[in-house]
*Asks:* 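Before I ask anything, here is the structure I am working with.
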Amino acid sequence: MQVAAVIVDVPTMQTDKEFDYLIPDEWVGKIVPGMRVIVPFGPRKVQGVVVRLKPTSTVKNLKKISEPMDLSPVLNKELLQLGEWLTEHTLCFKISAYQAMLPAAMKAKYEKKLVLVNREGINQLPVELQQWFNDRTEISWKEADQRNWLSTLQTAVSIGTFEVVYDVKDKARKKIEKHYLLSHPTDELKRIMDTFSKHAKKQREVLEFLLKSPETSWTMKELTTACQTSTSVVQELVKKGILQEKEVEVYRDPYQHRSFEKTYPLPLTDQQQKAISPILSSIENGDHRTYLLYGVTGSGKTEIYLQAIQRVLEQGKEAIVLVPEISLTPQMVHRFKGRFGDDVAVLHSGLSIGEKYDEWRKVQRKEVKVVVGARSAIFAPFENIGIIIIDEEHETSYKQEENPRYHARDVAIYRGKFHGCPVVLGSATPSLESFARAQKNVYHLLTLSKRMNDRSLPDVSIVDMREELRKGNRSMFSTLLFEKLQDRLEKGQQTVLFLNRRGYSSFVMCRDCGSVMQCPHCDISLTYHRVTNQLKCHYCGFETTVPGVCTECGSEHIRYFGTGTQKVEEELGKLLPHARVIRMDVDTTSRKGAHERLLSQFQEGKADILLGTQMIAKGLDFPNITLVGVLSADTMLHLPDFRASEKTFQLLTQVSGRAGRHELQGEVVIQTYTPEHYSIELAGEQNYNDFYQKEMVMRKMGRYPPFYYLALIHVSHEDLMKVISVCEKITSYMKTQLSEEAIILGPTVSPIPRINDRYRYQCLIKYKREPRLIPALKKILDFYVKERNSENVYVSVDLHPYMMM
DNA sequence: AGCACGCCGACT
DNA sequence: GTCGGCGTGCTC
């Protein structure tokens, strides 16, 4: 066996296949499938992943692998296979599938440079170049380009003065610490010590300190503080050869300065007991089953996860727990670290690239048994998985919106089958798809209908804001909400206010001509941000200062409509000047650790009101919250998305669940302009079952999931006519390929007709069983070269889409 | 993606 | 008559 099949890191249609390479003799037996390698590819070098070994190849003139990038495989057999499955099921490139499984730090960095190989030839170069290479032997391609030296240097390449070199580098930087330890056996050292000069008092002290535990190594800092001395003393000992330096890899542990109070399994309620026992028997018998753990907010789902994992660990197996990104609050981490301590690795986007890499390596080296993380943690390189848990199963963040457009739930079930282990999907408001599958016994339904300690669900009031307006209340707070807000302030209890729109106001309109300020690059209105006094586009990031007069008619009567978190914050400052408010949205939490800091401030009672967007809907579990206010329940309801009702119901139910989780009874006030809508009414009653029934009827009528599957084809281009014609061609092609039962809608304008100066059209396919769908879609992608062809038309396919925009 | 090869317009 | 435009095709 000396040929390796490699998938190269060139994500295009034409290169999306295996390339064969010879394994150099010195690496035979060492290069194995799942390793990253550097291979020559055309004139350059690229990173690749070895997917299999074979004795020979049908291709002649094979090139050799340049070098391996790993000492042991980073993708195991299962993950390599999963990559193929992902490619097939999301229509992505193989390399993209593998890259999705690895931490970002392992993505290759490419550098092209010119290296001086013949110093003689330098004399023929212009003076400024000669100066540059006086004390240098290379220049990066980029640098040479910027200095306008490329053409000169290229002629120098042709006569052999320079050589073009392609470098492939690992982004990953292992964090290295220098440690110091004794380099001789103790008795020998004692002899050496006697030869010391009498003045070398400090050196002797250091040695005596080290001799107490001769095997241990210390960092410079540890040594100098322990011995009350300076670095020079240690350096001197190294020089004398008594101490040796050793480089040790250390992990960047984002949680190292935190201590987690050890927790122990809590006694389970009868309901919990009943729910956990089928999971435990699955674990015991090693059979794969998917459970839908449907439990109302505060019913103790997490304890079930913890105890199921406990059992898995006792069997010597591993566990993966997925949580939605935004709820990776310290609370969740605390509960897992508290129970399983150092056996837990945490993976989420708040970590730096290096930190993520280190956490990932802990998994790879089998130093942890449990991974708690966001979507991509589903690819944790465990080899003996005993359970996979997806908390808040209905969350849309489990679907990746770039290639590979996978859903973590599907990957979880794939891995569950492979490892013969249970997959547990937990939610208080399951997605319709999952609940429907549970009804059909594809998933096994486990129900927790009671809150822990029989705490009652919060009282929910729905306030009709049209009525408030009629009564003359034009503020954003209804009388009821405002009264309760004041009441909580007096009692010293905390309130959560929820509004899913950041910024100050949602659009700016001229009152004379009615024109709305729009983004010049996208067909979307600009949002006013008060703090910076700017108008921002939330899609392309365009920013502009607020014009003094209307750009259309020159009128000065410009008004701000709609309400964002910033405006609410300002309003609160006016109405309740003594209230301490913390605002949480993308704008206040973008800095690393800000999310966590704001939450802990709130937890410590440093604020009375927490005001925020989606991100505060989950994971908050503070005893002092007794009031939750939803300022405008309808903002989501009118989005052009067949899941709008479902999302609204879920959000309102989740937000309401934040109140009164502990001793104090909780209250919820939901403000809306459409109180009669079933998703708002039923969320008020916390009535999932009725909502499910009603929404299923709607889905059946609209021929949407779970009754039909969806495939969404996006087309975008700078030229409107081009987009329409390409989309038209695609739509009619699909019509020739699919059966009568398939519903093919299009070409239709995307709900956001233009983003970043590109027009957007789409074709939506609703189907039940179409064996020719995937091949047909592949053909389209083939033709339009997956997302980008020479004419710059972007075509992308999303199977089972979540984002309809 | 890069890069080479290859065939048609404005220039020393 | 050449330099260079980017269209097409290949990378084990």
Side-chain angles (χ1 to χ4, degrees), chain A residues 1-25 27-28 31-69 80 84 87 91-100 104 106-115 140-146 148 150-158 162-169 171 402-404 717-719 722 726 781-796:
Chain A
M1 286 227 268
Q2 44 164 3
V3 175
V6 174
I7 304 293
V8 292
D9 178 24
V10 184
T12 64
M13 199 79 235
Q14 299 130 306
T15 50
D16 188 33
K17 59 182 182 111
E18 293 174 6
F19 285 85
D20 289 346
Y21 286 91
L22 287 170
I23 300 176
D25 292 341
W27 296 109
V28 171
I31 288 182
V32 294
M35 272 187 189
R36 296 172 307 149
V37 289
I38 296 171
V39 292
F41 195 64
R44 58 210 170 109
K45 280 186 181 168
V46 297
Q47 189 191 65
V49 175
V50 177
V51 288
R52 73 188 88 245
L53 299 182
K54 39 195 197 181
T56 53
S57 172
T58 50
V59 182
K60 45 190 175 1
N61 301 329
L62 290 187
K63 287 187 185 172
K64 276 187 188 173
I65 288 176
S66 308
E67 56 178 298
M69 291 179 85
L80 282 172
E84 282 173 38
T87 307
L91 300 175
C92 69
F93 303 120
K94 293 179 177 67
I95 192 67
S96 312
Y98 293 131
Q99 240 142 31
M106 295 179 97
K107 214 178 148 186
K109 219 173 77 186
Y110 296 101
E111 199 194 39
K112 190 178 172 187
K113 59 185 183 182
L114 291 151
V115 178
S140 77
W141 192 270
K142 215 173 125 200
E143 180 88 50
D145 190 28
Q146 277 162 8
N148 251 322
L150 268 189
S151 56
T152 319
L153 284 167
Q154 270 176 317
T155 39
V157 169
S158 63
F162 286 92
E163 207 170 80
V164 183
V165 173
Y166 297 87
D167 248 4
V168 184
K169 272 196 205 129
K171 254 190 227 154
E402 307 119 55
N403 269 329
H717 190 267
E718 283 172 14
D719 179 12
K722 181 83 193 164
V726 169
L781 289 175
D782 255 10
F783 190 74
Y784 292 101
V785 196
K786 279 198 186 167
E787 306 234 343
R788 182 179 308 196
N789 77 348
S790 53
E791 283 177 284
N792 231 352
V793 182
Y794 286 39
V795 176
S796 69

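Each chain gets a letter, A, B and so on, in the order its sequence line appears, and its residues count up from 1. For clarity, every value in this text was computed on a predicted model and none was experimentally measured.
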*Asks:* In whole angstrom, what separates Phe19(A)'s CZ from dC12(C)'s P?
*Replies:* 7 Å
*Asks:* What is the separation between atom CG on Asp9(A) and atom C1' on dT11(C), rounded to the nearest whole Å?
*Replies:* 14 Å
*Asks:* Could you state the atom-to-atom distance from CZ of Arg52(A) to P of dC12(C) in whole Å?
*Replies:* 19 Å
*Asks:* Report the distance from atom CG of Leu62(A) to atom P of dT11(C), rounded to the nearest whole Å.
*Replies:* 12 Å
*Asks:* Without decimals, in angstroms, what is the distance between Gln47(A) CD and dC12(C) P?
*Replies:* 17 Å
*Asks:* Sub-3.5 Å donor-acceptor pair from the side chain of Tyr21(A) to the main-chain atoms of Leu62(A), do we have one?
*Replies:* no
*Asks:* What's Phe41(A) touching, base or sugar-phosphate or nothing? Going by heavy atoms closer than 4.0 Å.
*Replies:* base
*Asks:* So Lys45(A), base contact, sugar-phosphate only, or nothing? Heavy-atom distance under 4.0 Å.
*Replies:* nothing
*Asks:* Starting at atom NZ of Lys107(A), determine the distance to atom P of dA1(B), rounded to an integer number of angstrom.
*Replies:* 12 Å
*Asks:* Does the Lys142(A) side chain pair with the main chain of Glu111(A), one donor and one acceptor, at a distance under 3.5 Å?
*Replies:* no
*Asks:* List the atom of Gln47(A), the atom of Gln99(A), and the distance in Å for their closest heavy-atom pair.
*Replies:* OE1-NE2, 3.9 Å
*Asks:* Whole-Å distance between dT11(C) C1' and Leu22(A) CG?
*Replies:* 16 Å
*Asks:* Do Asp16(A) side-chain atoms and Pro11(A) backbone N/O form a donor-acceptor pair below 3.5 Å?
*Replies:* no
*Asks:* Pick out the pairs of N or O atoms, protein on one side and nucleotides 2-6 of chain B on the other, that lie under 3.5 Å.
*Replies:*
| unit_1 | atom_1 | unit_2 | atom_2 | d |
| --- | --- | --- | --- | --- |
| dG2(B) | OP1 | Arg44(A) | NH1 | 3.0 |
| dC3(B) | OP1 | Lys112(A) | NZ | 2.9 |
| dC3(B) | OP1 | Tyr166(A) | OH | 2.8 |
| dC3(B) | OP2 | Lys112(A) | NZ | 3.2 |

*Asks:* Taking the cut-offs as 6.0 angstrom to the six-membered ring centre and 45 degrees off its axis, would you call Lys45(A) and Phe41(A) a cation-pi pair?
*Replies:* no
*Asks:* Given atom CG of Asn61(A) and atom P of dT11(C), what is their separation to the nearest angstrom?
*Replies:* 11 Å
*Asks:* Could you tell me whether Arg36(A) and Asp9(A) make a salt bridge, using a distance below 4.0 angstrom between a side-chain N and a carboxylate O?
*Replies:* no
